[in-house]
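Take a look at the structure set out below.
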Amino acid sequence: MTSSLPRPATGAPEHFPVVIVGAGPAGLTIGAILRAAGVDCLVLEAETREFVEQRPRAGVLEEWAVRGLQQRGLADNLTERAQLHTECEFRFGGERFRFSYAELTGQHHFIYPQQFLVTDLVREYADVRGGEIRFGVRDVRLLDLDTSVPSVSYISARTGQREVVRCDFVAGCDGARGVTRTVLPPTAEISRHDYGVGWLALLAEAPPSNDCVVFGIHPNGFAGHMARSPEVTRYYLECPPGDDPENWSHERVWSELQQRLGAADRPSLTEGRLIEKRVLDMHNYIVEPMVFGRLFLAGDAAHLTAPIAAKGMNLALHDAYLLGDALVAYLTKGEESGLDAYSQTCLRRVWDYQEFSEWLSGVYHGTSSGDPYRAGTTFARLRRLFTSPAAAAAFAEQYLGTAPAY
């Protein structure tokens, strides 16, 4: 469903209580929450439906995030199809060390590729709950955000004309490069941290070579193995920031993966065709506050957490639950407390996840830094993780995000 509602007479702007910019996990979840409560909203997305439903991104969901989807009727396919992971594995010095976090916490990870979740959410929001969504829009502009009657205009893919929509609130869910980041006022504070390393992000048409996530700590650089499906595996290789993916041939990629993820008692990785190859410069940022007038930021538009700890999609859903519920409370009951507390409540979890990612980066990248001190502290952290029950419990709590969601 892309344009089911009747259009007003020519020249009269449409009105929706909420306009959501961006059809990713955050925007679609907010929209589904609103529609479940009978609140009209409009989602605007620059790409096509086919594109957003096929775009590979994250794939690790924490248990609290999945429970939130279940409570809102958005997890039927996920709970049927997702893999459940209860352990992870560190490999260094040619050995492997298993970490059973479910035994410590009673919780696990769900492995469900983001494009599958987006496909589910588009269907639920648009096809089942009757939400309005317009794909392929261009040149989105946000106006009068500091008033009680903001508006959004865009070039329609259907008509090629600029159309105007009036609303009460705008949810900016269009990522780091979206329009909502371009309209922030000078009062916005953007904190950024650069790790000084790059990761070559790979998707391989090859079955997973292990039954859980594997972290390879190696003098050549970090390597990661993450299952995405029975036929596809996500891999990461530490590389120089700004490196050209074309510097990494098929042979070089698999040679480094075999070396960095090797363990004496495990067979070689199962190799396959590389269907994605791009370099990510590892950095984080946070926008504070996450609210500017009637504009509410969510997901990567508000904060980016490098994939070091697999937190990004979880934070996007956390934002969406808070903002969706708060908008429903305000628009149906006039309750303002949720909207008033939105930014502060979100940022508590955001900063917690940022700190854990920074700590984990020290483990991943210390041995490849060329600094004997950093390498020594890396091995100290790893030894403590596998010899101290208290350290293991603390790591498991942060890795799974088992603190209360909000």
Side-chain angles (χ1 to χ4, degrees), residues 20-30 33 55 57-62 64-65 68-69 114 117-118 142 145 169-197 199 201 280-327 338-361 398-406:
I20 300 165
V21 185
L28 291 167
T29 300
I30 292 167
I33 292 170
R55 175 172 48 192
R57 285 293 183 266
V60 178
L61 286 167
E62 295 168 354
W64 65 263
L69 290 169
Q114 180 172 311
L117 179 61
V118 167
L142 310 180
L145 296 170
F169 297 96
V170 177
C173 309
D174 52 344
R177 299 178 181 86
V179 65
T180 54
R181 286 293 298 274
T182 70
V183 300
L184 300 184
T187 54
E189 181 176 324
I190 302 178
S191 306
R192 181 181 172 105
H193 176 68
D194 289 284
Y195 290 98
V197 300
W199 278 14
L280 309 175
D281 289 344
M282 293 291 102
H283 69 277
N284 297 346
Y285 63 74
I286 300 177
V287 179
E288 295 186 87
M290 292 170 53
V291 180
F292 301 92
R294 291 298 180 99
L295 172 63
F296 288 72
L297 303 180
D300 285 358
H303 42 74
L304 178 70
T305 303
I308 289 168
K311 297 293 189 182
M313 185 160 55
N314 295 283
L315 284 175
L317 290 173
H318 182 244
D319 294 348
Y321 301 156
L322 287 169
L323 183 53
D325 292 347
L327 287 169
L339 292 178
D340 291 343
Y342 171 71
S343 179
Q344 183 179 13
T345 307
C346 287
L347 286 168
R348 282 198 294 268
R349 184 177 287 270
V350 170
W351 277 113
D352 185 67
Y353 280 18
Q354 294 270 352
E355 187 279 331
F356 179 61
S357 293
E358 186 177 359
W359 182 91
L360 197 55
S361 174
Q398 291 180 293
Y399 187 51
L400 285 161
T402 55
Y406 49 83

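Just so it is clear, the structure is predicted and the values come from calculations on it, not from any experiment.
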Original post:
Taking it one step at a time, do Y353 and Q398 satisfy side-chain contact (heavy atoms from CB on, under 4.5 Å)?
Top reply: CA-CA 8 Å; Y353 280 18; Q398 291 180 293; over 6 Å; no
Below 3.5 Å, can you tabulate the donor-acceptor pairs from side chains in residues 175-190 to any protein atom, sequence neighbours excluded?
from, atom 1, to, atom 2, distance (Å)
T180, OG1, D174, OD1, 2.4
R181, NH1, Y285, OH, 3.3
T182, OG1, V179, O, 2.6

Please give me the minimum heavy-atom distance between [X] and [Y], naming the atom from each residue.
| X | Y | result |
| --- | --- | --- |
| L317 | P25 | CD2-O, 4.2 Å |
| A23 | V118 | O-CG1, 4.1 Å |
| M290 | S343 | N-OG, 2.9 Å |
| C346 | L322 | SG-CD1, 3.5 Å |
| G299 | D319 | N-OD2, 2.8 Å |
| A306 | S357 | O-OG, 4.4 Å |

Contact between [X] and [Y] at the side-chain level, heavy atoms closer than 4.5 Å - yes or no?
| X | Y | answer |
| --- | --- | --- |
| D194 | D281 | no |
| I20 | F169 | no |
| F292 | L297 | yes |
| L323 | I33 | no |
| I286 | Q354 | yes |
| S361 | F356 | no |
| V21 | C173 | no |

**OP:** In sequence, state the C-alpha distance, the side-chain angles, and the governing distance for L327 and Y342, and then conclude on side-chain contact (heavy atoms from CB on, under 4.5 Å).
**Re:** CA-CA 10 Å; L327 287 169; Y342 171 71; over 6 Å; no
So, [X] side chain and [Y] main chain: donor-acceptor pair closer than 3.5 Å or not?
| X | Y | answer |
| --- | --- | --- |
| K311 | Y399 | yes |
| N314 | V60 | yes |
| E355 | V350 | no |

**OP:** I would like to know whether I308 and M282 meet side-chain contact (heavy atoms from CB on, under 4.5 Å); could you show each step before the answer?
**Re:** CA-CA 8 Å; I308 289 168; M282 293 291 102; 4.0 Å; yes
Original post:
Stepwise, does the side-chain contact (heavy atoms from CB on, under 4.5 Å) test hold for Y321 with L69?
Top reply: CA-CA 9 Å; Y321 301 156; L69 290 169; 3.2 Å; yes
Original post:
Strictly by modelled atom types, are N284 and H303 linked by a side-chain donor-acceptor pair under 3.5 Å?
Top reply: no
Subject >> Parallel, tilted or perpendicular: ring planes of H193 versus Y195, cut at 30 and 60 degrees >> reply: perpendicular
